[in-house]
Amino acid sequence: MVISKKSLQFLLVTFLACMPLVTFANPTADSLQNHTENAAPAAEAHGETGHSAEKEFNATELINDHIGDSHEFHIADYDGHPITFYLPVILWTNNGLEMFSSEQFHHDNEGHHIIDVNGQKLVRFNEVIFYADKFETLTEDQRKNGAFAFDARPLDFSITKNVFSMLMSALVLFFLFLAVARSYNKNKLAPKGIAGFLEPLVIFVRDEIAIPNIGTKKYAKYMPYLLTIFFFIWINNLIGLIPFFPFSSNLTGNIFFTFVLALITFIVTSFSANKDYWKHIFMPPVPKALYPIMIPVEIIGMLTKPFALMIRLFANITAGHIIILSLVSLIFIFKTVAVAPISGAFVVFMSVLEMLVAALQAYIFTLLTALFIGQAVEEHDHH
């Protein structure tokens with residue numbers, strides 16, 4: 001089953017509408033504006049005049065730029081000009097809602113370039129947008145932990161790389177299963193095409209994850225959620241392995257994203273739990289004299305389950321990205337192409353391994369979610 005022509009036309013129109021956001025930066029204009037707004041250029045601070053020294057390669061900076069979130073996609077560099085896909089910045093400021101393109105920051109992420117948005121001065125530091133006047137009063141540690149400096153920054157609801165990736169993966173899932181649904185409506189026999197590929201995966205989630213852990217009576221109620229998180233995590237894991245636009249984001253390697261997924265699982269588990277589950281936590285089967293010890297232990301155990309889900313997915317995906325980028329960085333650290341064959345071979349090996357990890361982590365997250373739900377809805381025999 002293929003996607004309809006209307007769907008393809010919609011995607012094409014959307015892509016063409018976003019094309020004006022892809023621009024070549026103007027280094028001359030950017031440097032002139034930065035010069036007039038900054039207190040002192042970096043070159044003057046180091047006593048450098050004329051042409052500046054070549055910047056030393058920083059592997060840590062490269063890795064952090066990739067695994068972190070961003071307000072724009074840096075696609076490539078051409079003739080010294082960065083090719084960038086700018087994303088919309090959406091802020092709730094002291095003057096209300098403000099929307100503008102991240103192009104206004106002119107690639108500055110160090111808090112030097114000041115922009116004016118309806119009379120409000122803003123700067124960007126480590127992908128966090130601050131009020132310029134309050135940013136100057138922050139210490140270095142406060143700036144590095146700027147996401148929690150709520151008094152010094154507006155609320156940021158921007159479409160960042162990770163949000164863009166999340167929306168894109170949601171569209172991919174929608175069109176995939178829309179195609180599967182249409183295929184089943186037209187073909188009542190054996191599934192073909194994309195339906196033939198996805199059906200074994202759906203059956204696997206049902207027969208190997210949902211039924212063994214939740215039970216035959218109640219598994220169907222949770223199948224939509226289990227299928228959603230399985231395919232959603234898997235697709236985003238794969239998207240993170242593709243190193244070029246519009247992919248290359250690290251959504252499942254973002255701890256805030258994995259926290260939200262784990263929180264949803266915790267909420268589903270808690271609201272699905274029966275009285276036996278809560279009785280086991282607040283009235284554990286031990287002598288009452290041990291209740292002051294066992295009840296806190298049971299509560300901590302209940303909270304550590306989603307915490308384990310959050311950390312496992314985040315750590316495994318992030319570690320894979322760091323290893324691959326570290327191997328690529330060896331070429332620039334040693335400053336010789338002689339390292340390239342060895343580095344490239346290990347990168348290929350790790351990339352293939354990461355494709356396996358992408359599916360494995362989606363399976364583990366779904367399996368543990370089903371296990372936690374099964375423990376909460378399990379019915380005990382009372383004699």
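Source: prediction; values computed, not measured.
Rounded to the nearest 0.5 Å, atoms CD1 (Ile159) and CE (Met166) are 8.0 Å apart. With rounding to the nearest 0.5 Å, the separation of CD1 in Ile311 from OG1 in Thr318 is 9.5 Å. Between the CG atom in Asn250 and the CG atom in Asn236 there is a gap of 10.0 Å [rounded to 0.5 Å]. In this structure, the separation between CE on Met310 and OG1 on Thr304 is 11.0 Å, given to the nearest 0.5 Å.
Between Tyr225 and Leu261 the shortest heavy-atom distance is OH-O, 3.8 Å. Taking every heavy atom of both residues into account, Phe247 and Ile239 meet most closely at CB-O, 3.6 Å. Nearest heavy atoms, Asp156 versus Arg153: N-NH1, 3.9 Å.
With a 4.5 Å cut-off on side-chain heavy atoms, Phe266 and Met302 count as touching. Thr258 is listed as a side-chain neighbour of Ile255, based on a closest heavy-atom distance under 4.5 Å. Residues Asn237 and Val357 fail the side-chain proximity criterion, which asks for heavy atoms closer than 4.5 Å. Using a 4.5 Å heavy-atom cutoff, the side chains of Ile83 and Phe245 are not in contact. Counting heavy atoms from C-beta on, the side chains of Leu97 and Ile90 come closer than 4.5 Å. In this structure, the side chains of Leu327 and Ile342 stay at 4.5 Å or more apart for every pair of heavy atoms. Using a 4.5 Å cut-off on side-chain heavy atoms (C-beta onward), Ser158 and Leu87 make no contact. For the pair Leu91 and Ile129, the minimum side-chain heavy-atom distance is below 4.5 Å.
Residue Ile267 is grouped with residue Leu227 when hydrophobic side chains (ILVMFWY) are merged at heavy-atom distances under 4.5 angstrom, including chains of intermediate members. Note on Val352 and Tyr363: separate hydrophobic clusters, where clusters join Ile, Leu, Val, Met, Phe, Trp and Tyr whose side-chain heavy atoms are under 4.5 Å apart, directly or indirectly.
Taking the centre of each ring, Tyr86 and His107 come in below the 6.0 Å mark.
Using a 30° and 60° split on the angle between ring planes, Phe164 and Phe73 fall in the perpendicular class, above 60°. Ring geometry, Trp234 versus Phe230: the interplanar angle falls from 30° to 60°, so the pair is classed tilted. By the 30° and 60° cut-offs, the orientation of the rings of Phe100 relative to Phe105 is tilted.
The ring pair (Phe, Tyr, Trp, His ring centres under 6.0 Å) pairs that include a residue from residues 288-327 are His66-His321, where partners are two or more places apart or lie in different chains.
With a 6.0 Å radius and a threshold of 12 heavy atoms from other residues, nucleotides or ligands, Trp278 has its CH2 atom above the threshold. For CZ of Phe334, the number of neighbouring non-hydrogen atoms (other residues, nucleotides, ligands) closer than 6.0 Å is 12 at most. Other residues, nucleotides and ligands place no more than 12 heavy atoms under 6.0 Å from the CZ atom of Phe259.
Checked against side chain to side chain contact (heavy atoms under 4.5 Å, CB included), Ile63 has the following partners two or more places apart in sequence or in another chain: Ile67, Ile322, Leu325, Ser326.
When each of Arg124, Lys161, Glu103 is checked for a side chain to side chain contact (heavy atoms under 4.5 Å, CB included) with His71, only Arg124 meets the rule.
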